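Naming convention: chains lettered A, B, ... in sequence-line order (proteins, then strands); numbering from 1 in each chain. We use all heavy atoms of the structure for the numbers below, so side chains are in, but hydrogens, waters and symmetry mates are not. None of the values given here were measured: they were computed from a predicted structure.
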Number of protein chains: 2
Amino acid sequence: MIQNLTEHDRENLQESLAKSGQKVTPQREVVFAVLLSKRDHPTVDEVFQRARESMPGLSLATVYNCLETFVGCGLVRQVNHERESTRYCPNLAPHAHFRDAATGRVHDIELPPAILQSLRSILPPGFDSEAIEISFLGRAQGGDAHPTL
Amino acid sequence: MIQNLTEHDRENLQESLAKSGQKVTPQREVVFAVLLSKRDHPTVDEVFQRARESMPGLSLATVYNCLETFVGCGLVRQVNHERESTRYCPNLAPHAHFRDAATGRVHDIELPPAILQSLRSILPPGFDSEAIEISFLGRAQGGDAHPTL
DNA sequence: AGTGAGATTTTGAATCATTCTAAACAGGGA
DNA sequence: TCCCTGTTTAGAATGATTCAAAATCTCACT
């Protein structure tokens, strides 16, 4: 069972929602509490299951709504920005991707080995990485970074 | 219309497939050619549309198969590893994610500001990034990086 | 207490990418 | 030729997410 929000967390929720002109609702409180009480990067469905324990009538759509709202006002992060169709590229050199928020286009960004190295070094001992994925989200003024390679 | 593979590209295809005991087929040639001829990170459906121009009978399932095969033998990269359900986390501090391939669990990895800075610096002029997403895929020996925060 | 506007929630249907299944097919030995 | 195995195909099935419309709630104003 999910415990209630602390005074501090409720205030935080209240303020963040207020900034985008939205209100605290019982559903939002429960969903937020779920997120805070077990920080294991739950899926929407997991949040739904857990939240239902304290609010049985809660609907899945509401969980989607709440999460979208939270992400919108910066209370919560989405682990997987890129939920559109998978894309493929034959560029095998290590590189990052830049998704232009305006056009949806994806550009390759060259990745210096030094950076790759320093990234690997931030992993705590015991963590072995096979692949690193780096993607920027933003806006590109000009044309292509790597026109067509 | 997609041009044929160059001698060199066909050899590359042939060898890579051979390594995992697979064969070159007309369908695979076409799909590979599509990938090489316009490097704009197409979705499966875009690949399908383009490939159909030179091979009208081609089926969508085959495109999925080919792409999976190519990724499997390292010929092609998938831009979006994480195609499972979206996950959410209330950790707003800048951090990377580490997905344990064995358990599917996602761990937070602290991200030193210096690294974030150097990452931003690799963007060519004109590219303005609002968000950076970094995720490792690999195996974790021990327990959690950030047990429950 | 009553009314109305607007936001929020609910239910269930719809969408869309992806995967699965089963049948047809292709090609290379025995 | 006949089988064996890998590949392709069409269409059904799955699963996450979104949408639409009706019901409900909140709160300001009366």
Side-chain angles (χ1 to χ4, degrees), chain A residues 10 13-14 16-34 41-52 54-73 75-76 78-88 99 104 106, chain B residues 13-14 16-34 41-52 54-73 75-88 99 104 106:
Chain A
R10 175 175 289 108
L13 177 62
Q14 211 277 293
S16 296
L17 286 171
K19 269 184 219 151
S20 15
Q22 280 156 317
K23 290 175 278 191
V24 176
T25 67
Q27 288 87 345
R28 285 175 180 165
E29 282 192 15
V30 170
V31 171
F32 193 50
V34 164
H41 308 85
T43 62
V44 176
D45 209 67
E46 284 162 348
V47 173
F48 180 49
Q49 301 303 340
R50 294 175 198 174
R52 269 247 246 219
S54 22
M55 185 181 271
L58 185 70
S59 83
L60 180 58
T62 299
V63 175
Y64 273 98
N65 288 342
C66 291
L67 290 170
E68 191 187 359
T69 302
F70 294 163
V71 170
C73 66
L75 271 170
V76 157
Q78 209 169 328
V79 173
N80 263 301
H81 285 181
E82 330 284 9
R83 290 227 77 280
E84 297 164 350
S85 310
T86 305
R87 292 169 180 279
Y88 293 84
R99 166 184 304 266
V106 177
Chain B
L13 177 62
Q14 209 277 298
S16 297
L17 285 171
K19 270 183 218 151
S20 16
Q22 280 157 316
K23 290 174 279 192
V24 176
T25 67
Q27 289 86 344
R28 285 175 181 166
E29 282 192 15
V30 171
V31 170
F32 193 49
V34 164
H41 309 85
T43 62
V44 177
D45 209 67
E46 283 163 348
V47 174
F48 180 49
Q49 302 303 339
R50 294 176 196 174
R52 269 246 247 219
S54 23
M55 184 180 272
L58 184 70
S59 82
L60 180 58
T62 300
V63 175
Y64 273 99
N65 289 342
C66 291
L67 291 171
E68 190 187 0
T69 303
F70 294 162
V71 171
C73 66
L75 272 170
V76 157
R77 270 176 58 177
Q78 208 168 327
V79 174
N80 264 300
H81 284 179
E82 330 284 8
R83 289 226 78 282
E84 298 165 349
S85 309
T86 305
R87 293 172 180 276
Y88 293 85
R99 167 184 304 266
V106 177

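- Between the NZ atom of A:K23 and the C1' atom of C:dA5 there is a distance of 10 Å, given to the nearest Å.
- OP1 or OP2 of C:dT10 has at least one side-chain nitrogen or oxygen of A:Q27 nearer than 4.0 Å.
- Across C:dT8, C:dT9, D:dT7, the shortest atom-to-atom separation from the side chain of B:R28 is found for D:dT7.
- One atom, CG of B:L67, and another, C1' of D:dT8, lie 14 Å apart when rounded to the nearest Å.
- Between A:F48 and the choices A:L67, A:V63, A:V34, the side-chain contact (heavy atoms from CB on, under 4.5 Å) rule is met once, by A:V63.
- Remark: A:T62 is in phosphate contact with C:dT10, judged by side-chain N or O atoms under 4.0 Å from OP1 or OP2.
- Without hydrogens or angle criteria, A:E46 side chain to A:T43 main chain gives a donor-acceptor distance under 3.5 Å.
- Protein atom OH of B:Y64 is 4 Å distant from nucleotide atom P of C:dT18, rounded to whole Å.
- Nucleotide D:dC25 holds its C1' atom 13 Å from the CE atom of A:M55, rounded to whole Å.
- For the pair A:V47 and A:P42, the tightest heavy-atom approach, listed with the atom from each and the gap, is CG2-CG, 3.7 Å.
- One interatomic measurement links the two molecules: CG of B:D45 to C1' of C:dT15, which rounds to 14 Å at whole-angstrom precision.
- The distance between atom CG of A:L58 and atom C1' of D:dT24, rounded to the nearest whole Å, is 15 Å.
- In terms of position along DNA chain D, the nucleotide closest to B:C66 lies nearer the 5' end than the nucleotide closest to the other residue of the pair A:E68 and B:C66.
- Scanning all heavy atoms of the two residues, the minimum distance from A:H41 to B:V106 falls at ND1-O, 3.1 Å.
- Closest approach to the A:N65 side chain among D:dT8, C:dT9, C:dC20 is made by C:dT9 (side chain taken as heavy atoms from C-beta onward).
- Checking C:dG12, C:dT8, D:dT17 against the side-chain heavy atoms of A:T25 singles out C:dT8 as nearest.
- When heavy atoms are screened at a 4.0 angstrom cut-off, A:G57 is found touching the sugar-phosphate backbone but no base atom.
- Here the nucleotide nearest the side chain of B:S59, chosen from D:dA10, C:dT8, D:dA16, is D:dA10.
- With contacts defined as side-chain heavy-atom distances shorter than 4.5 Å, the pair A:R28/A:T69 qualifies.
- If you take CG of A:L60 and C1' of D:dT18, they are 11 Å apart, rounded to a whole angstrom.
- A:F48 places its CZ atom 15 Å from the C1' atom of D:dG15, with the value rounded to the nearest Å.
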